[in-house]
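Ligands are counted one by one from 1 in listed order, and the atoms in each one are counted from 1 as well.
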Amino acid sequence: MITHQNFIAGKWVGTAAALAVINPSDGSKMAEIARSGAAEIDAAVRAGHDALNGPWGKLDAVSRGRLLARLADLIRRDADALAKQESEDVGKPTSLARNDVAVCARYFEYYGAAADKVHGETIPFQTGFSVMTFYEPHGVTAHIVPWNYPLQMTGRSVAPSLAMGNAIVLKPAEDTSLTALMLARLAEEAGFPPGVFNVVTGLGEEAGAALSAHPGIGHISFTGSREVGVLIQSAAARNTIPVTLELGGKSPQVVFSDAEFGDASTTIVRGITANAGQTCSAGSRALIEDSIYDSFTGLLASKFKALRVGSASQDLDLGPVVNATQKARIETYLDLARRDGLPILAEGEYGTNLPAGGFYVKPTLIGDVPPDHPLAQEEIFGPVLVAIRFRDEADAVRIANGTPYGLSAGVWTSDLGRSMRLAHTIQSGQVFVNNYGSGGGVELPFGGTKGSGHGREKGFEALYAFGALKTVTIRHG
Ligand code: NAD
């Protein structure tokens with residue numbers, strides 16, 4: 001049994017205590033990781049500052065970009081090994097993990113190419129003055145990453161920060177830290193100087209809390225639950241540093257009677273069942289116009305019934321969910337649906353030879369859910385789609401906006417005017433018309449409104465967020 005160590009200041013360092021890594025496909029223990037605390041976090045933050053005071057702090061943007069591009073190449077070289085590890089660790093079907101590796105490489109490629117394109121401005125001012133702006137790194141940035149897409153989230157968070165010239169401390173989720181450690185090895189091989197890329201594993205309330213509270217951190221990037229997001233923002237407030245929070249959603253898929261049903265139903269089912277529904281931007285509420293409610297839910301139901309659940313390596317439509325807690329959480333919501341008499345319109349099936357001890361949940365479609373019911377309000381984070389009726393456009397917008405969240409929304413209609421009206425009136429960080437999901441679109445700014453958080457990841461928005469703007473005013477007469 002391997003016990004994995006932290007990567008701090010370019011060295012692999014163990015801890016006295018360890019945490020078990022559980023394979024979600026069969027519940028077995030597959031490895032151990034370091035259980036870190038304040039001391040390890042402090043060492044990593046100091047290593048980051050040492051790197052900024054050393055060659056990394058003086059490296060020009062072109063050279064930084066080349067290091068990121070080299071890391072992208074190495075991720076692609078090791079794609080099979082990374083995908084296998086990610087698939088085993090998270091429980092996701094192997095083909096999905098392969099896509100995650102490709103997207104992770106794309107983040108380093110995209111931000112590697114962007115590193116030398118961060119331009120300031122010259123600003124016209126009074127006669128006798130010249131004014132210009134520069135982006136400078138925040139210093140050492142903290143990255144607290146969830147367990148649903150470890151490689152994608154790490155790339156999304158870390159690549160723009162490195163491109164801007166920061167040093168990073170990454171705290172992966174305790175359930176799924178293994179590919180982050182593989183990335184650290186590749187970052188070392190790519191030639192990042194010691195202390196630029198630090199990975200410290202451990203529990204959220206220990207290592208995560210110590211990292212977010214550390215006075216040496218200049219920015220925190222967090223993706224995960226709202227509850228922890230509030231703790232992170234409070235910790236950042238005490239050190240008066242900026243944060244990017246991505247806190248999930250209860251995203252609506254709004255289907256009008258003039259939609260193309262085939263496309264809409266296939267995409268909606270995939271959107272809530274991919275990664276066993278453990279996706280922050282999953283479209284978890286299907287809002288369906290009254291006149292087509294029965295026919296459209298019938299189509300959704302037939303697609304749910306065709307879904308098969310298996311172990312990660314069986315590579316079926318869905319794998320297990322990540323851990324026993326997550327399985328229990330999803331089952332609590334399914335029990336609530338039964339208790340409240342909500343119709344279960346369809347379920348998928350378990351495939352053959354399902355390993356015992358895994359955390360499996362059947363994808364489930366639930367009908368006629370009142371918009372204010374907990375199943376229509378709370379993030380279940382599992383393969384559960386709730387169908388809700390609406391009367392007209394105004395009713396659809398009211399229901400779409402009637403949750404604490406605002407991350408993503410889908411609109412399905414062939415009426416261009418209506419699609420534009422909804423694009424404006426739905427309160428959401430992104431709106432997709434006749435398509436859904438930006439999983440692979442590293443170029444597209446992504447983030448939430450309301451309870452889904454604030455700040456934007458992906459695209460150039462994320463790059464600028466990892467820099468502090470400095471204004472230089474010269475009086476020359
Ligand atoms: P979480 O928010 O507890 O964990 C996410 C990350 O935060 C992990 O790396 C964890 O170690 C860290 N963390 C936890 N407590 C911390 C603390 N006090 N200080 C600093 N860091 C801390 O999420 P979870 O418990 O793993 O999942 C619970 C629910 O959160 C899920 O059911 C789902 O609804 C939501 N979730 C959302 C996303 C998303 O992509 N938005 C991802 C994972 C979970």
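For the pair Arg35 and Glu32, the salt-bridge criterion is not met [side-chain N within less than 4.0 Å of a carboxylate O]. The existence of a salt bridge linking Arg46 and Asp42 is confirmed by a sub-4.0 Å separation between a basic side-chain nitrogen and an acidic carboxylate oxygen. By the 4.0 Å N-to-carboxylate-O rule, Glu246 lies too far from Lys458 to be salt-bridged with it. Residues Glu88 and Lys84 are paired through a salt bridge, judged by an N-O separation under 4.0 Å between the basic side chain and the carboxylate. Ionic pairing of Glu443 and Arg106 is present here: one or more N-O contacts between side-chain nitrogen and carboxylate oxygen are shorter than 4.0 angstrom.
Contacts between Ile232 and ligand 1, counted as non-hydrogen atom pairs separated by less than 4.0 Å, involve the side chain only. Within the 4.0 Å heavy-atom criterion, the part of Val145 lying near ligand 1 is the backbone and not the side chain. Looking at Glu227 against ligand 1, nothing comes within 4.0 Å, counting heavy atoms. If you look at Arg329 next to ligand 1, the close heavy atoms, those under 4.0 Å, all belong to the side chain. If you look at Tyr149 next to ligand 1, there are no close heavy atoms at all, none under 4.0 Å.
Applying the side chain to side chain contact (heavy atoms under 4.5 Å, CB included) rule to Val243 yields the partners Ile220, Ile232, Gln233, Ala236, Leu245, His454; only residues at least two apart in sequence or on another chain are considered.
Close approach of ligand 1 to Glu246 (heavy-atom distance below 4.0 Å) involves ligand atoms 41 (N). Contact atoms of ligand 1 toward Leu231: 18 (N) (distance under 4.0 Å to a heavy atom of the residue). For ligand 1, the atoms closer than 4.0 angstrom to any heavy atom of Gly208 are 19 (N), 20 (C), 21 (N). Which parts of ligand 1 touch Gly248 is read off a 4.0 Å heavy-atom cut-off, strictly below it: atoms 41 (N). If you number the atoms of ligand 1 from 1 as listed, the ones under 4.0 Å from a heavy atom of Lys171 come out as 9 (O), 10 (C), 11 (O). Within ligand 1, the atoms closer than 4.0 Å to a non-hydrogen atom of Ala209 are 19 (N), 20 (C), numbered from 1 in the order shown. The distance from ligand 1 to the heavy atoms of Pro146 drops below 4.0 Å at these ligand atoms: 42 (C), 43 (C).
Around atom CZ of Arg329, more than 12 heavy atoms belonging to other residues, nucleotides or ligands sit under 6.0 Å away.
Not a single N or O atom of Leu247, backbone or side chain, sits closer than 3.5 Å to an N or O atom of ligand 1. In terms of polar-atom proximity, Ser212 is not counted as a contact of ligand 1, lacking any N or O under 3.5 Å from an N or O of the ligand.
The closest protein non-hydrogen atom to atom 44 (C) of ligand 1 is Phe381 CE2, 3.7 Å. The nearest protein atom to atom 27 (O) of ligand 1, hydrogens excluded, is given as Trp147 NE1, 3.7 Å; this is a heavy-atom distance. Of all protein heavy atoms, the one lying nearest to atom 12 (C) of ligand 1 is Ile144 CG2, 3.6 Å. Considering only non-hydrogen protein atoms, atom 10 (C) of ligand 1 sits nearest to Glu174 OE1, 3.5 Å. Here the protein heavy atom with the shortest distance to atom 39 (C) of ligand 1 is Cys280 CB, 3.5 Å. In terms of protein heavy-atom proximity, atom 17 (C) of ligand 1 is closest to Gly204 O, 3.3 Å. With respect to atom 34 (O) of ligand 1, the closest heavy atom belonging to the protein is Glu379 OE1, 2.9 Å. Closest to atom 29 (C) of ligand 1, if we only count protein heavy atoms, is Ser225 CB, 3.9 Å.
The presence of a protein heavy atom under 4.0 Å from atom 25 (O) of ligand 1 is ruled out.
Ring-plane geometry between His219 and Phe466 is classed as tilted, the angle between the planes lying from 30 to 60 degrees on a 0 to 90 degree scale. The aromatic rings of Trp12 and Phe7 are tilted relative to each other, their planes meeting at an angle between 30° and 60°.
Annotation: cation-pi pair Arg226/Tyr405 present, NZ/CZ under 6.0 Å from the ring centroid and within 45° of its normal.
For Asn6 and Ser36, the side-chain atoms include at least one donor-acceptor pair closer than 3.5 Å. Counted by atom type alone, Gln427 and Thr449 present zero donor-acceptor pairs between their side chains at under 3.5 Å. Side chain to side chain, Tyr111 and Ser161 fail the donor-acceptor criterion of an N or O pair below 3.5 Å.
For an aromatic pair to be called close, the ring centres must be under 6.0 Å apart, and Phe197 with Trp56 fails this.
The closest approach between any non-hydrogen atom of Phe222 and ligand 1 is below 4.0 Å.
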